[in-house]
Each structure stands twice: as C-alpha cells, then as structure tokens.
2 protein chains.
Amino acid sequence: MNHKSTSPTISDVAAHAGVSIATVSRVLNGTVPVQAEKAERVREAMAELRFIPRPAARTLASRKTNTIGLVFSEIRGAFFPHLLKGIEAQLHEAGYELLVYSTHSDRPIKRKPIGEHNTDGLLVFTTSLEKEEIARLYKINFPMVLMHETPPAGMDIPVITVENKDGAAMLVNHLIEHGRRRIVFLRGPEGHEDSQWRERGYREALAAHNISFDETLVSSGKFDQETAYHSMQKIIQDGVDFDAVFAGDDDASIGVYRALKEARRLIPDDVAVVGFDDVEFARYISPPLTTIRAPIEEVGREAVRQLLALLNGEQVQSLVLKRTELVIRQSCGCG
Amino acid sequence: MNHKSTSPTISDVAAHAGVSIATVSRVLNGTVPVQAEKAERVREAMAELRFIPRPAARTLASRKTNTIGLVFSEIRGAFFPHLLKGIEAQLHEAGYELLVYSTHSDRPIKRKPIGEHNTDGLLVFTTSLEKEEIARLYKINFPMVLMHETPPAGMDIPVITVENKDGAAMLVNHLIEHGRRRIVFLRGPEGHEDSQWRERGYREALAAHNISFDETLVSSGKFDQETAYHSMQKIIQDGVDFDAVFAGDDDASIGVYRALKEARRLIPDDVAVVGFDDVEFARYISPPLTTIRAPIEEVGREAVRQLLALLNGEQVQSLVLKRTELVIRQSCGCG
DNA sequence: ACGCTTTCTGAAAGCGTTTTCAGATGAACC
DNA sequence: GGTTCATCTGAAAACGCTTTCAGAAAGCGT
C-alpha cells in the first residue's frame, strides 16, 4: 500500500514477513535463535524488498560504528599503496569499513575529524597523531595500533613495524664482508624511528667487525633525494675517505647516485651504495640497487589483525616486528 | 550531578547552557539565527564539556552521511597515491569524510558495502563498479563521478580523465618529427579506455604525417612489463622492422627496455622508446624515459569538486579533460 | 495602545536500528 | 496434571541528533 519512494526499513521487512521488527533484527544479526520457518520468511522479505540496514541507525543504537580509521601524515611515494592495500584487504575481509584521514603537510591533526565518535578503532601510521591526542584516546581506552612508531612512554599500545635494525645490519655486514670499511650512513628525519633503528643496526654491524664508529661518515637527512644529494656533495668536498654508502632509504640513494656520478666515482667499483625499502624503481635504476625489502603490505594486515583482536577483547602482542630481507643487486659490487 | 562516563550529548550541552537542545543544534549548524548571548553560552558549554556531536545521530536525523566513498579496483603502483592525495585533500577541505573501498583482484563488487546507505556520493575509478550497480545508482539519482571511465550508454554521469589522445599524439608526433617512421604501439588491457584513446592519438599522429597505420606494429598488452616484454620479443623475432616504441605506459616500457637490451638494440640509437604517465622511476631508469605527465592529483581534486557541486545541486560539466604534458628525456633520442 | 510582522525559542516528533523485559508457548519432569 | 525450564517472541524504550510547528517576545507603524 505504501509507495514511499524511500528505501525499505526494518519495519517494512517486519510487516512483509508478518513478524516484529525485533525478530527481523535478530535474524539480521544472529544474536538470538529464531524459529527456522520465520527466519526464512524474514530472509525472503529482506531479499524481495532489497533491504539494506542503515549503518547510521545501527551505530546509534548499538554504539558500534563498524568502521576503523587510518591516520597518516603523508602519502609517501612507493611505500603507501602497499600499506593501504594490506589494510584494506584485511579489514574488508573482516567486514569493517575503512575511513581514511591524512594530516597534510606534516602538521598533525588539530581539530579531530576522526576518533571515538567516528570509528571503533584507529590505525596510526608514524607520527601522524599528536602525542596528546594519542594520550587522550589511550586514557579512554580507545583501541589503537601504531605502525612504525613506538607509543609515548608509559602507554601500552601495540606497535607493528619492520626489522629496521636487523635489515640495516644485514646491509652493512654485507658491505663489510665484501671488503668495504669506510661506510657513509645518511640518517632520516630527526627523531624518525625507522632511522634510529637503522643507525643502531649500522653501529652494531660495525662493532661486530671491530670497525670503530666514525662521526664524519654520518650525515643527517630526510629520507629524500635532495638532502641526500647535498649531504654527499659535502662529504665529497670535505675530502672524507669512503668506499660505501648506506643511503638510509631508497629515495636517498637516488641523490647519492647523482652526487657520485657528478663526482665521477663509479658505482660500485669506487663506491658501493645500498638503500632500504626496495621500492619499485630500485631494480630499474642503474646500477640496480642492493637494498632491504620490507613486507609493508603484511605490516598493514598485521596491524588490522591486532586491532581487531583488541576490539574483541583478546590478548594482543605489544610489539610485532616483521622480518626484512636482503635484496642483492649490482650497486653493492657483487651479486 | 550525572557522572555518566559516556561522553556528553547535545542535551548535556543544552542543560549546561540553559537552553533547549533545539537551540544547541541551531548554533551547531548555523541553520537559523540564535540570540548572540545565548549562542555564546552554548559555545562555551560545548567547549567546556568537549562536546563532539555523534555523526551517526546526525546522519540518522538528517539523512546525510557527510561522507563520500572512493571505489577502485586496484592500487596501481605509482598512480594511486597521487590520486588519493588529491581526493583526500580536497574532500577534507570541504569537511567531508572519505570511505575507501577496493574491489580486489579486478573482480567488481558483489555485495554492496558502499552505496546510498553509507555515503552521500561516490567517486568511481575506472571499471571498479559493475555496470548494473552504476545503473541502479544512476536510476535513484545518486551522485557519482567517474574517473578515467566513460559512463554506460545513456547515463549522464560526470567524468574526469586526462587528455590521453592528445598526450599520445604529442608523443608520436615528437617521434616522427625526429625521423622515426616505424613506431610500435603496445596496447593496454582489452577495453581499457585510456588505452583506446591513446591508440586513437597514435593513429591520428600517424595520419597527420601521412604514415599509414600498420597492424603488424601494434600488439596487445596489459600496461605491465611482463606482457610488454613478451610482445616485444615476439615482434623482434618476427623480424618486424621498427625504429621506435610507444610502450602504452611507463610500466610497459620497462619490459620494452629489457627485451631491447637482450636483443642488443640500443636505446635510443636503434630504437626510441616512450612511455606514458611519468611515474616516479621514469627519470631514473637508463636511459631516462621520455613520457607524458598526467596531472593525477588534479584529477582527484577535480573529481571531488564535481561531486560536491552535484551534491549542492549545482550544474556540472559532464566531461573534464585534464591536460597532459610531454616530458622529454633521453629515451627518445633528443633532449 | 493596537494589531501586524519579524525574529527567536522550546516541545515534541521523528530518523531506523538494537536491546531489554516481560510473556507466551511448549517440553520435560515428577 | 501441575510445576518448572528452556525457547522464542513482541512491545516499547532507548540511542543522539535534526526539524517542524506553534507560540513568545520584540519591533514597528498608526
């Protein structure tokens, strides 16, 4: 009788199936057993009416959004799609929606467009969220998982990241084992955790081979080519003696390549170069770059797994380190 | 008096400010003027209580989700981050949320986790949504904008894409003007619109120079290196005479490079190679790739603009073509 | 002073679900 | 056959907003 042009609601279904809306809700959610024959009638009615329950109404009534939020500060070139892919896939498998928020221009979020009101939990990539906001959410026990970032002191928030230290150590060990002794290291951005761990791996590998750490071989950078290019120029001009460069990451190694070529130093004959990340272009530059492959997509999936566990009140690991892998190509002088 | 641990609602604010909830709602939304002094009291109350309106409740009452959905089928390497960045930025500037959905493994969506119930509008990238679903949404007048895909016949849905044809023509013109006559063209996936337009550009450029189209110079592919590699191998083995390759896109040009190197044909001396997209690695491979730069981020922003216009009931253009730009590097033999 | 606007305000009715609560029904037991 | 239990069911009360509607207050012209 009613030709409301608006799409059907739960009570339309109830009427159509001759049951109460409570019953429809129950077969919808499977919360409580419903007499088989009625359940069937309800399912038929839902199909016939093409009923789609409104998420807003469900959320309001149940206080669950069925959505999780992803916060990141920058869509960093080759890195990001893999992460997003892993997150997206794992999340939709579990029937959750994904709300995406970026804090542009490296400036952390000011207002709060994503949070408790919006989502059931948050996936936070590196330093995209202010410490205070993280603390606030932590205090109200809001489910969160951090990626590539250790939580502020005293907060027990699960972290997923990759074996930066081991990766760096593998790289440096490899260089040393092939006779390189004076290895330049280009740091990442100030306070960047990945960078700190990589430096630690660098130092440990040196120590393991009784090579003393030399401050003049280390330079700060930002995991980008431009800074790396200038850093290398300076090191060369300063007449620093070196036979290898651990560029910090793959992007930086492009800058390193450029500086070395301009200075007419041959890669890998004069100088071996290694990166970190194994981004797409690493195999296409010449010479192809020896680097570390990090399972980024898997980081995304794992982060989702942990968050879902948190949502289900299960026990979670406070730290998951994904293994990295040495990818030997030509820039290190072997392979 | 009430120490409900749950976060404050609009009626808490109303009580705190000594007004009705209707008034609070009005200052929240600015729908109707409110006496200045009361408005101020309300604002103070909101700040003091740290009131955050629940989106679910708003959506339920107003029937607007304040969210738009992005549907795509694949996170295609270098392409996607730029698109996402543009969309994300423009959308959040306008105060909308972004719900992200990918139809994995090239299989269009089956159930419908994203749609009218979820969002106020949809951004659809290439063929990520089934024709029937698009038709259904179109029929109920649901706001949509397509990116890099023409709508099914008879549906007037705005499209944003790039000047594929012009770009391809620029590339081929450039090759011809530098003396190349036998130009191989590697197609993209069957039915892919970008590919079709590029082929048209290719043909028009040939025609403009009175070079007749030669079927043996054209091969089908998938915009990927593997297929491109095999296609090139075959062309070489077949003894086809050619002095240039328009690889279809940058990814494919990697495969072309490989096949040519194996066949000991020099780039660009023996064979000029050009790609399309100007992905990150294009400048780093050797020789650096001449290609077409497409303003992908701008496509994302424009798509959002059009969608918002649609939501506001404004007039929209049914087709926006973003200009492409020729980027000359070394693979074409000049520059 | 008197009506007539105009401007602002609060009560209350939704919005479409979930969830609680009390019953109804039938089975099982003694 | 009467209790007691276990199942299933519907009425109704939330959930936290927006929006309608009618009315109060204030301004204005005469």
Side-chain angles (χ1 to χ4, degrees), chain A residues 2 4-43 45-46 49-67 95 97 115-120, chain B residues 2 4-43 45-46 49-67 95 97 115-120:
Chain A
N2 50 352
K4 326 203 293 181
S5 75
T6 128
S7 46
T9 73
I10 198 173
S11 50
D12 294 329
V13 175
H16 201 269
V19 299
S20 72
I21 63 169
T23 297
V24 175
S25 173
R26 289 193 265 255
V27 348
L28 202 53
N29 300 292
T31 41
V32 150
V34 166
Q35 195 186 321
E37 182 227 352
K38 278 188 182 172
E40 193 45 42
R41 282 215 315 272
V42 169
R43 263 185 285 272
M46 292 199 298
L49 268 42
R50 296 176 197 288
F51 168 67
I52 307 175
R54 311 266 185 305
R58 294 181 127 191
T59 296
L60 186 57
S62 67
R63 307 172 135 295
K64 310 198 79 274
T65 63
N66 204 42
T67 298
E97 304 297 336
E116 333 93 84
H117 55 293
N118 248 354
T119 56
D120 293 341
Chain B
N2 50 353
K4 327 203 293 183
S5 73
T6 126
S7 46
T9 73
I10 197 174
S11 50
D12 294 329
V13 175
H16 201 270
V19 299
S20 73
I21 62 169
T23 298
V24 175
S25 172
R26 288 193 266 255
V27 349
L28 202 54
N29 300 293
T31 40
V32 149
V34 167
Q35 194 185 323
E37 182 225 353
K38 277 189 182 171
E40 192 45 41
R41 282 215 313 273
V42 169
R43 263 185 285 272
M46 292 199 299
L49 269 41
R50 297 176 195 289
F51 169 67
I52 307 175
R54 309 266 185 308
R58 296 182 126 190
T59 297
L60 186 57
S62 67
R63 306 171 135 295
K64 311 199 78 275
T65 63
N66 203 43
T67 297
E97 304 296 337
E116 334 92 83
H117 56 294
N118 249 352
T119 56
D120 294 341

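Below, read A as the first sequence line, B as the second, and so on, with proteins coming before strands; counting in each chain starts at 1. Quick note: numbers below take in every heavy atom, side chains included, and nothing from hydrogens, waters or symmetry partners.
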Using atom [atom1] of [X] as one end and atom [atom2] of [N] as the other, report the distance to the nearest whole Å.
{"X": "B:Asp12", "N": "D:dC15", "atom1": "CG", "atom2": "P", "value": "11 Å"}
{"X": "B:Ile10", "N": "D:dT18", "atom1": "CD1", "atom2": "C1'", "value": "8 Å"}
{"X": "B:Leu49", "N": "D:dC17", "atom1": "CG", "atom2": "P", "value": "11 Å"}
{"X": "B:Glu40", "N": "C:dC8", "atom1": "CD", "atom2": "C1'", "value": "18 Å"}
{"X": "B:Arg54", "N": "D:dA14", "atom1": "CZ", "atom2": "P", "value": "17 Å"}
{"X": "B:Glu37", "N": "C:dT7", "atom1": "CD", "atom2": "P", "value": "20 Å"}

Exercise for review: Would you indicate which nucleotide in D:dC15, D:dC17, C:dC8 comes nearest to any side-chain atom of B:Arg58?
Suggested key: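 Of the candidates, D:dC17 comes closest.
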Review point. Taking five pairs at each end of the helix from C:dA1-D:dT30 to C:dC30-D:dG1, what angle separates the two helix axes (nearest 10°)?
Key: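 Taking five pairs per end, the axes differ by 40°.
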Tell me, do [X] and [Y] make a side-chain contact under 4.5 Å, heavy atoms counted?
{"X": "A:Glu97", "Y": "A:Thr119", "value": "no"}
{"X": "A:Arg43", "Y": "A:Val27", "value": "yes"}
{"X": "A:Val19", "Y": "A:Arg41", "value": "yes"}
{"X": "B:Ser20", "Y": "B:Val24", "value": "no"}
{"X": "B:Pro53", "Y": "B:Ile10", "value": "no"}
{"X": "B:His117", "Y": "A:Pro55", "value": "yes"}

Ignoring backbone atoms, test whether [X] places a side-chain nitrogen or oxygen under 4.0 Å from the OP1 or OP2 oxygen of [N].
{"X": "B:Gln35", "N": "C:dT9", "answer": "yes"}
{"X": "A:Arg63", "N": "D:dG16", "answer": "yes"}
{"X": "B:Lys38", "N": "C:dT9", "answer": "yes"}

Exercise for review: Scan residues 16-34 of chain A against DNA chain D and write down, sorted by residue number, each residue with any heavy atom closer than 4.0 Å; if none is found, say none.
Suggested key: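 Only A:Val19, A:Ser20, A:Ala22, A:Thr23, A:Arg26, A:Val32, A:Pro33, A:Val34 qualify.
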Check your understanding: With distance as the sole criterion, is a donor-acceptor pair present between the side chains of B:Arg54 and B:Ser7 under 3.5 Å?
Key ->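 The criterion, which ignores hydrogens and geometry beyond distance, is satisfied for B:Ser7 and B:Arg54.
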Exercise for review: Apply the test side-chain contact (heavy atoms from CB on, under 4.5 Å) to residues B:Asn29 and B:Arg58: give CA-CA distance (whole Å), side-chain angles for both, the deciding distance (0.1 Å), then the verdict.
Suggested key: CA-CA 11 Å; B:Asn29 300 293; B:Arg58 296 182 126 190; 3.2 Å; yes
**Study point:** Positive for side chain to side chain donor-acceptor pair (under 3.5 Å) with B:Thr65, one of B:Asp120, B:Thr59, B:Asn118
**Key:**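 Result: among B:Asp120, B:Thr59, B:Asn118, B:Asp120 is the only option passing the side chain to side chain donor-acceptor pair (under 3.5 Å) with B:Thr65.
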